[in-house]
Amino acid sequence: TDVPGQVRTLAFWNAGKQLGSIEYALKGTPCEEVYDGEPCHYADNVKESFPQDPTLDRLGIRSYLGVPFADIEGRVIGHLAVADVKPMPDEPIGTSIFKIFAARAAAELRRTRAEANLAESETRLSGVLRSAMDAIILLDSDLTIRLFNPAAERIFRCEAGHVLGSSF
């Protein structure tokens with residue numbers, strides 16, 4: 001979130017049911033340790049290590065495993081975590097598989113963020129092109145008209161719909 005120390009879930013399941021997005025403060029939770037950039041595993045009695053986290057007690061959580069997500073610069077941008085009402089043994093194969101899922105989820109998060117940034121940039125560029133006072137015509141390598149802004153429509157006295165896709 002935009003609030004320092006506050007996070008929002010993208011997906012959250014409890015007792016086999018997907019719940020809506022939730023926001024919570026990281027301070028005093030096992031998730032806070034994951035945001036330091038390292039995997040975090042509590043095989044049992046996690047609530048003893050985090051007595052100020054009311055969710056652990058309320059849900060009866062005994063074990064926790066969390067793995068950070070990083071952006072391409074290595075900054076933590078999120079995490080994948082699982083908590084259980086039973087002990088969760090420290091098994092290298094399970095932790096390794098969880099790290100693979102976390103890496104895949106991190107890649108997906110980076111992809112969706114990149115798509116959102118691209119869409120925002122395209123919207124801004126489209127606004128600039130529409131409001132430009134000069135005629136702007138974009139041609140591809142075959143000299144086919146791919147963009148014809150409103151100023152070009154006024155100057156050349158023809159609608160973009162009539163010229164887009166035709167040869168210059």
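In this chain, numbering begins with 1 at the start of the sequence shown. A quick note: this is a predicted structure, and the numbers were derived from the prediction, not measured.
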Taking [atom1] in [X] as the centre, count heavy atoms belonging to other residues, nucleotides or ligands within less than 6.0 Å. Is the count above 12?
X      : atom1 : answer
Phe12  : CZ    : yes
Arg157 : CZ    : no
Leu125 : CG    : yes
Ile72  : CD1   : no
Glu159 : CD    : no

Picking from Asp84, Thr29, Val34, Asp53, what satisfies side chain to side chain contact (heavy atoms under 4.5 Å, CB included) with Tyr64?
Val34

Quick one, [X] and [Y] - any side-chain contact, counting heavy atoms below 4.5 Å?
X      : Y      : value
Arg8   : Ile22  : no
Leu147 : Ile136 : yes
Ile77  : Arg113 : yes
Arg124 : Val128 : no
Val67  : His79  : no
Thr144 : Arg146 : yes
Val7   : Tyr24  : yes
Val46  : Leu56  : yes

For the hydrophobic clusters of this structure (ILVMFWY residues joined by side-chain heavy atoms under 4.5 Å, transitively), does one cluster hold both Trp13 and Ile61?
no

State yes or no: do Leu19 and Val82 share one hydrophobic cluster built from I, L, V, M, F, W and Y residues joined by side-chain heavy-atom distances below 4.5 Å, directly or via other members?
no

Could you tell me the separation between the [atom1] atom of [X] and the [atom2] atom of [Y], rounded to the nearest 0.5 Å?
X      : Y      : atom1 : atom2 : result
Leu26  : Asp36  : CG    : CG    : 9.5 Å
Lys27  : Glu32  : NZ    : CD    : 5.5 Å
Leu129 : Asp134 : CG    : CG    : 11.5 Å
Lys47  : Arg58  : NZ    : CZ    : 12.5 Å
Asp57  : Glu48  : CG    : CD    : 11.0 Å

All heavy atoms of Ala151 vs all of Ala132, minimum pair found to be CB-O, 3.5 Å

Step by step, would you call Leu80 with Phe69 a side chain to side chain contact (heavy atoms under 4.5 Å, CB included)?
CA-CA 7 Å; Leu80 181 65; Phe69 294 172; 3.7 Å; yes

Residues in side chain to side chain donor-acceptor pair (under 3.5 Å) contact with Tyr42, at least two apart in sequence or another chain:
Glu33

For Arg154, check side chain to side chain donor-acceptor pair (under 3.5 Å) against everything at least two apart and list the hits.
none

For the residue pair Phe156 and Phe148, categorise the inter-ring angle as parallel (less than 30°), tilted (30 to 60°) or perpendicular (more than 60°).
tilted

Looking only at atom types and distance, does a side-chain atom of Arg110 sit under 3.5 Å from a main-chain N or O of Ala70, one as donor and one as acceptor?
yes

